[in-house]
Amino acid sequence: MKITDTILYAGVNDHDIDLFEGQYDVPLGMAYNSYVIMDEKIAVTDSVDGHFMVEWLNNLKEILGDKTPDYLIIHHMEPDHSASLSAFHKTYPETVFVANAQAFKMLDQFFPELKDCGRKVVANNEKLSLGQHELTFVFAPMVHWPEVMMSYDSFDKVLFSADAFGKFGANDVEDPEGWACEARRYYFGIVGKYGAQTQAVLKKAAALDIQIICSLHGPVLNENLGYYFDMYQKWSSYEPEEEGIFIAYASIYGNTQEAAYRLYDALKAKGYENVHISDLAREDMYECVEDAFRYSKLVLASVTYDASIMPVMKEFISHLLHRNYQKRTIGLIENGTWAPMAAKTMKGMLENSKELTWLEPVVSIRSALTEANDAQISALADALIG
């Protein structure tokens, strides 16, 4: 596939994977992207997951014919992008690997057999001329590993963005939800902790004339780039993407679930349409994390469990904390038969988070719902809407 007249796609699609990074469900598969820049000197960017080594090398052979690449540029050393480097070196032993010092340190850890490969260590903002194409290396530490760098091609105005702007899903499968849903889940699952570092990279990117984004995962982006940058700006600054309410509940015997749904119905009855609800025990945890960051307001509903909260609720809040959850409005629903502790526990877990607004009343149920609880639920719905 041609990206431009002189940049070609050499990546692969993975339809066998069930969990990305051993934890993220990927029903649409994954793409591991690699690109070839054809010029006076030829550069290949990154490799692919080791399960697709032969397919990738065949893709390169189809593009290159009898030519040998001058450079292989390593933007990120995570194994889904580096596992085929040793096989590449055996196929093209004269090719020089281009990376920063930290990436080469990781290369030696992963592949001690590559200690004698040709190497070019580059610095931040250093340039590499291929002929017409001139690459500028832009370091992007902790987006989302410390060695990550991007490169900008001033000739075709292409940003090779490492994992940034990537998404879950193979490139040969149409995503019915478009780019944003699986890109959002990808971002908050993998990069979300590093908002400040992502902001720093976005500031660097703002100074570049970028017409195409070539990420290591997902489709090549070549239209309406302002939309993608705007989404990353919101996500990395922890601003809500939408005005909306997400209700996340953890129930045992159904009473807490009923309270959550009564709140959902009350909000709908009052004319508030953008409200979403999830059972934390049964729905994908990372989809729930995604929704918590997507919407401006969150309701946490949990039964008291061992003088604390349901383990699945504790896990959910821990995921939010790990990703620096902030700048949201939160309502609480608790249930407890003899010693309700859920509201106190949930609020206590989030007490050090920034810019959270806590709503009253707290809906506090003693075993089963009462008329008084219905009044609390209606009042909480008014507070959420107001």
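FYI, side chains are in, hydrogens and waters are out, and symmetry mates aren't considered; it's all heavy atoms of this structure.
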Looking at Ser308, is its backbone amide N or carbonyl O close enough to the side chain of Asp306 to form a donor-acceptor pair, meaning the two atoms are under 3.5 Å apart?
no
Asn171 side chain vs Ala31 backbone, donor-acceptor pair below 3.5 Å:
no
Are there more than 12 heavy atoms of other residues, nucleotides or ligands under 6.0 Å from atom NZ of Lys268?
yes
Do NZ/NE/NH1/NH2 and the carboxylate oxygens of Glu290 and Arg184 come within less than 4.0 Å?
yes
Just by modelled atom types, is the Met53 backbone N or O under 3.5 Å from a matching donor or acceptor in the Glu55 side chain?
no
Verify whether one side chain among Trp56 and Ser34 offers a donor that lies under 3.5 Å from an acceptor in the other.
yes
Say whether Phe139 and Val201 are linked into one hydrophobic cluster, either directly or through other cluster members, by side-chain heavy-atom distances under 4.5 angstrom.
no
Between the side chains of His276 and Asn274, is a donor N or O closer than 3.5 angstrom to an acceptor N or O?
yes
Nearest heavy atoms of Tyr238 and Arg328, plus distance in Å
O-NH1, 2.6 Å
When you check the gap from the basic side-chain N to the acidic O, do Lys234 and Asp230 get nearer than 4.0 Å?
yes
Backbone N or O of Met341 within a donor-acceptor pair of the Thr304 side chain at under 3.5 Å?
yes
Going only through I, L, V, M, F, W and Y residues with side-chain contacts under 4.5 Å, is there a path from Val363 to Tyr253?
no
When you measure from the side chain of Tyr272 to the backbone of Tyr264, do you find a donor-acceptor pair of N or O atoms at a distance under 3.5 Å?
no
Transitively linked via ILVMFWY side-chain contacts under 4.5 Å: Leu135 with Tyr9?
yes
Side chain to side chain contact (heavy atoms under 4.5 Å, CB included) for Ile74 and Met77? Distances and angles first, verdict last.
CA-CA 7 Å; Ile74 301 171; Met77 272 300 302; 3.8 Å; yes
Would you say the side-chain atoms of Glu113 and Ser86 include a donor-acceptor pair closer than 3.5 Å?
yes
Following the transitive rule for hydrophobic clusters with a side-chain heavy-atom cut-off under 4.5 Å over Ile, Leu, Val, Met, Phe, Trp and Tyr, establish whether Ile309 and Leu320 coincide in one cluster.
yes
Could you verify whether a donor N or O on one side chain and an acceptor N or O on the other, from Asp156 and Thr6, lie under 3.5 Å apart?
yes
With no hydrogens and no angle check, just 3.5 Å: does a side-chain donor-acceptor pair link Asp172 and His15?
yes
Quiz question: by atom type and distance under 3.5 Å, do the side chains of Glu62 and Asn59 form a donor-acceptor pair?
no
Is any NZ, NE, NH1 or NH2 atom of the basic residue among Asp25 and Arg185 found under 4.0 Å from an Asp or Glu carboxylate oxygen of the other?
no
Would you indicate whether Lys204, at its atom NZ, is surrounded by more than 12 heavy atoms from other residues, nucleotides or ligands within a distance under 6.0 Å?
yes
Chi angles and distances behind the side-chain hydrogen bond (donor to acceptor under 3.5 Å, both in side chains) call for Asn124, Asn100:
CA-CA 8 Å; Asn124 191 29; Asn100 58 48; over 6 Å; no
Check the surroundings of atom CD in Glu177: do more than 12 heavy atoms from other residues, nucleotides or ligands lie under 6.0 Å from it?
no
Near Gln23 CD, under 6.0 Å, is it more than 12 heavy atoms from other residues, nucleotides or ligands?
yes
Go through it in stages, so that I can follow the logic: the residues are Thr68 and Ile42, the test is side chain to side chain contact (heavy atoms under 4.5 Å, CB included), and I'd like the CA-CA distance, side-chain angles, deciding distance and then a yes or no.
CA-CA 8 Å; Thr68 296; Ile42 299 170; over 6 Å; no
Quickly, which of His76, Lys105, His75 forms a side chain to side chain donor-acceptor pair (under 3.5 Å) with Glu147? Name it, please.
His76
Yes or no on side chain to side chain contact (heavy atoms under 4.5 Å, CB included) for Arg366 and Thr337, after CA distance, side-chain angles and deciding distance?
CA-CA 5 Å; Arg366 301 298 190 270; Thr337 296; over 6 Å; no
Can you tell whether the side chains of Asp108 and Lys115 come within less than 4.0 Å, N to carboxylate O?
no
If you count heavy atoms of other groups shown closer than 6.0 angstrom to CZ of Phe97, is the number above 12?
yes
Determine the minimum heavy-atom distance between Ala164 and Ser215, stating which atoms define it.
O-OG, 3.2 Å
Could you tell me if the ring centre of Phe165 sits under 6.0 Å from that of Phe229?
yes
Within the distance-only criterion (no hydrogens, no angle test), does the side chain of Glu126 pair as donor or acceptor with the backbone N or O of Thr136 below 3.5 angstrom?
no
Can you find a side-chain donor-acceptor pair between Gln257 and Asn255 that sits under 3.5 Å?
no
Tell me if the NE2 atom of His319 is crowded by more than 12 foreign heavy atoms within 6.0 Å.
yes
Below 4.0 angstrom, N of the basic side chain to O of the carboxylate: do Glu258 and Arg262 qualify?
yes
Atom CD of Glu273 with >12 non-hydrogen neighbours under 6.0 angstrom:
yes
Looking at Ala10 and Ile63, what are the two nearest heavy atoms and their distance?
CB-CD1, 3.8 Å
Can a salt bridge be assigned to the pair Glu242 and Arg294 using a cut-off of 4.0 Å between side-chain N and carboxylate O?
yes
Give a yes or no on this: more than 12 heavy atoms of other residues, nucleotides or ligands lie within 6.0 Å of atom NZ of Lys327.
yes
Tell me whether the rings of Trp145 and Phe110 are parallel (<30°), tilted (30 to 60°) or perpendicular (>60°).
parallel
What residue among Tyr228, Tyr24, Tyr232 forms ring-ring contact (aromatic ring centres under 6.0 Å, His included) with Tyr187?
Tyr232
Can you give me the closest heavy-atom contact between Val48 and Ser84, atom names plus distance?
O-OG, 3.0 Å
Step-by-step side chain to side chain contact (heavy atoms under 4.5 Å, CB included) determination, Ile212 to Leu221:
CA-CA 6 Å; Ile212 301 172; Leu221 306 177; over 6 Å; no
Checking Glu243 against Ser296 for the side-chain hydrogen bond (donor to acceptor under 3.5 Å, both in side chains) test, could you report, in this order, the C-alpha distance in whole Å, the side-chain angles of both residues, the deciding distance, and whether it holds?
CA-CA 5 Å; Glu243 171 64 33; Ser296 57; 3.1 Å; yes
Identify the two heavy atoms, one from Met313 and one from Ala248, that lie closest to each other, and give their separation to 0.1 Å.
CE-O, 3.4 Å
hydrophobic_cluster_shared for Leu64 and Tyr35, side chain cutoff 4.5 Å:
no
Any idea which heavy atoms bring Ala43 and Ile73 closest together, and the distance?
CB-CD1, 4.0 Å
Are His81 and Asp46 linked by a side-chain donor-acceptor pair shorter than 3.5 Å?
no
If we ignore hydrogens and angles and just use 3.5 Å, is the side chain of Asp284 paired with the main-chain N or O of Tyr286 as donor and acceptor?
yes
Between Glu283 and Ser278, a side-chain donor and acceptor under 3.5 Å
yes
Between His144 and Asp163, is there a side-chain donor-acceptor contact under 3.5 Å, judged purely by atom types and distance?
yes
Under 3.5 Å, side chain of Asn33 to main-chain N/O of Gly218, donor-acceptor pair present?
yes
Relative to each other, are the rings of Phe20 and Tyr186 parallel, tilted or perpendicular (30° and 60° limits)?
tilted
